Amino acid sequence: MTYDLIIIGAGPGGYVCAIRAAQLGKKVAIIEKRSDGAKTRLGGTCLNVGCIPSKALLDTSEKFYEARKHFAEHGIAVTPSIDVAQMLKRKQGVVDALVGGIAGLMRKNKVEVLAGSGELLEPGKVRVTAADGTKAEHEAQHVVLAMGSVPIELPFLKFDDRIVSSDQAISFPGVPKRLLVVGGGVIGLELGSVWSRLGAEVTVVEALPQLCPFLDGDVAKALQKTLEKQGLKFVFEAKVTGAVRQGDEVVLSGTAKDGSPLSWTADRVLVAVGRRPCLDGAGPVPLTDRKRVKIDGSFRTELPGVWAIGDLVDGPMLAHKAEEEGVAVAELIAGQKAHVDHNLIPNVVYTEPEVASIGLSEAACSQRGLAVRVGRFPFLANGRARAAGSTDGFVKIIADAKTDRVLGAAVIGPRAADLISSIAAHMVYGGSSEDIARTCVAHPTVSEAVKEAALDTLGRVLHA
Ligand code: NAI
């Protein structure tokens with residue numbers, strides 16, 4: 001068959017690209033290999049084993065933790081227990097409904113779904129190998145590579161039934177007694193939080209001196225402190241170097257910063273040290289030194305008519321970044337002007353409290369020699385946060401010292417993921433901290449903390 005556009009990979013980058021291209025009148029096919037045996041499962045890592053199932057577990061475990069730790073102060077007496085099988089069933093229900101929804105969107109937009117593994121043979125030519133080995137070749141004027149990424153496996157921590165990646169850590173059949181997490185990044189903290197709230201003893205071993213290296217030190221430290229209050233343990237500047245299986249347990253060895261030996265015993269080990277691009281099927285496409293697909297500023301690879309987006313290319317491995325890139329590529333293929341501002345991709349860690357950031361961190365501004373004014377406002381001084389009992393954290397706004405343009409922001413606290421979007425809306429239009437400070441927001445809301453942080457950059461904070 002011949003198409004205007006064939007997309008390999010139906011994750012958030014690929015399927016959104018397909019919808020936008022179809023809206024623009026293109027004849028589109030999308031290739032996906034993920035299947036449950038009977039049906040192709042669209043939605044990629046994000047929907048099937050990533051963002052959505054982890055959020056379902058975070059929501060369940062947060063309710064459980066709240067019931068156990070905080071209901072009493074509201075005068076509510078309960079003795080909760082957790083039914084892990086029911087929690088997993090609910091999570092799968094959420095995932096399945098959304099995966100079915102994407103299939104519906106493909107039908108609605110007349111996007112043809114080709115089941116099997118896609119492989120770029122040459123520009124304009126793609127092969128699909130179905131699960132039963134049947135091969136078919138298809139042609140298209142444009143091919144978009146959107147195969148996403150897979151968890152990194154460490155050579156001394158090979159995955160098995162006890163040493164797992166996030167793919168399995170969203171489906172432990174019971175609450176681990178002791179969970180060792182290798183890597184204090186986004187996945188380690190989110191899934192570490194889930195099992196810790198449900199009762200596991202969780203230790204996170206991180207190679208660097210702080211959590212989530214993309215965050216400013218003050219934000220990362222605040223996150224560390226609240227997670228420690230919740231019971232997570234952290235070992236920084238340490239390395240896991242080996243593991244030995246002893247029955248149902250894993251004995252891990254490692255080294256501390258000063259070189260002294262370390263040892264841990266755990267019944268489950270989550271390795272969350274990053275992901276690598278999934279290049280199976282990328283064919284002859286040239287790569288960068290970092291083994292990502294090489295593109296120009298407009299997602300074009302070095303092969304004519306071949307584009308690449310999402311986790312395959314440089315930048316953070318985030319579903320919403322891939323979606324923006326998918327839309328941009330569809331519009332460029334249709335002859336429109338399109339651009340993604342990679343400086344304005346929000347980053348969110350869905351711990352409790354959430355942590356969200358956008359634009360430049362204070363450290364990045366200082367590395368670039370930018371003169372900035374930094375405003376802060378603590379949730380402790382926000383009425384709505386106090387009413388909800390969610391007072392940990394603060395809003396931080398970084399503005400150019402001369403022009404007052406907002407260069408970056410971070411929020412650790414209640415609804416941080418939503419609050420960062422309101423700051424993003426100002427930043428997209430080149431907004432200043434004065435613009436945020438002059439925006440009337442409802443009282444009482446946690447949004448007032450954003451306004452107050454903006455006022456603080458101007459030296460006019462009201463409630464702190
Ligand atoms: P990550 O890159 O966020 O964090 C990995 C951490 O592991 C880093 O702090 C790194 O210093 C540490 N590390 C690396 N090697 C180590 C070693 N041998 N021993 C100890 N520590 C080591 O990677 P993660 O958490 O696996 O996530 C993968 C990707 O998925 C990320 O790009 C992330 O942004 C994305 N993701 C995003 C989510 C969100 O937006 N909420 C949720 C989950 C994943």
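The figures that follow rest on heavy atoms only: side chains count, while hydrogens, waters and symmetry mates do not. This is a predicted model, so every value here is computed, not measured. Counting from 1, the numbers follow the sequence of the chain as shown. For ligands, and for the atoms within them, numbers begin at 1 and follow the listed sequence.
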Cut-off 3.5 Å, side chains only: do [X] and [Y] have a donor facing an acceptor?
X	Y	result
Ser165	Gln168	yes
Ser432	Asp435	yes
Glu324	His339	no

When rounded to the nearest 0.5 angstrom, what distance separates CZ in Arg415 from OG in Ser421?
12.0 Å
Working to the nearest 0.5 Å, report the span between CZ of Arg376 and NZ of Lys396.
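So the CZ of Arg376 and the NZ of Lys396 are separated by 4.5 Å.
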So [Y] and [X], do their side chains get closer than 4.5 Å, heavy atoms only?
X	Y	answer
Leu42	Val113	yes
Leu303	Pro286	yes
His342	Asp314	no
Ile7	Val28	yes
Arg162	Asp248	yes

Checking a contact table here: which protein heavy atom is nearest [atom], and how many Å away?
atom	result
atom 1 (P) of ligand 1	Gly185 CA, 4.2 Å
atom 18 (N) of ligand 1	Leu154 CD1, 4.0 Å
atom 7 (O) of ligand 1	Gly183 CA, 3.3 Å
atom 13 (N) of ligand 1	Val273 CG1, 3.9 Å
atom 5 (C) of ligand 1	Ala272 O, 3.4 Å
atom 29 (C) of ligand 1	Arg275 CD, 3.7 Å
atom 39 (C) of ligand 1	Val348 O, 3.4 Å

In this structure, does ligand 1 have an atom that sits under 4.0 Å from one of the heavy atoms of [X]?
X	result
Gly274	yes
Glu206	yes
Pro213	yes
Val240	no

Using 30° and 60° as the class limits, which term best fits the ring planes of Phe172 and Trp195: parallel, tilted or perpendicular?
tilted
Would Asp311 and Lys321 pass as an ion pair if we require N to O under 4.0 Å?
no
Check ion pair Asp392-Lys229 (N to O, under 4.0 angstrom):
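Judged by the 4.0 Å cut-off on N to carboxylate O distance, Asp392 and Lys229 do form a salt bridge.
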What part of Leu211, side chain from CB on, backbone N/CA/C/O, both or neither, has a heavy atom under 4.0 Å from ligand 1?
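Neither; no heavy atom under 4.0 Å.
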What atoms of ligand 1 come within less than 4.0 Å of a heavy atom belonging to [X]?
X	answer
Leu208	11 (O)
Leu318	34 (O), 37 (C), 40 (O)
Val182	19 (N), 20 (C)
Tyr350	41 (N)
Val205	20 (C), 21 (N)
Met317	32 (O), 34 (O), 35 (C)

Report yes if Ala207 has an N/O atom closer than 3.5 Å to an N/O atom of ligand 1; otherwise report no.
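Between Ala207 and ligand 1 (N or O atoms, distance only) the closest approach is under 3.5 Å.
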What do you reckon, does Glu190 have a nitrogen or oxygen under 3.5 Å from a nitrogen or oxygen of ligand 1?
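The answer is yes, given that Glu190 and ligand 1 share an N or O pair closer than 3.5 Å.
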For atom 38 (C) of ligand 1, which of the options Ile187, Asp311, Val204, Val186 provides the nearest non-hydrogen atom?
Val186
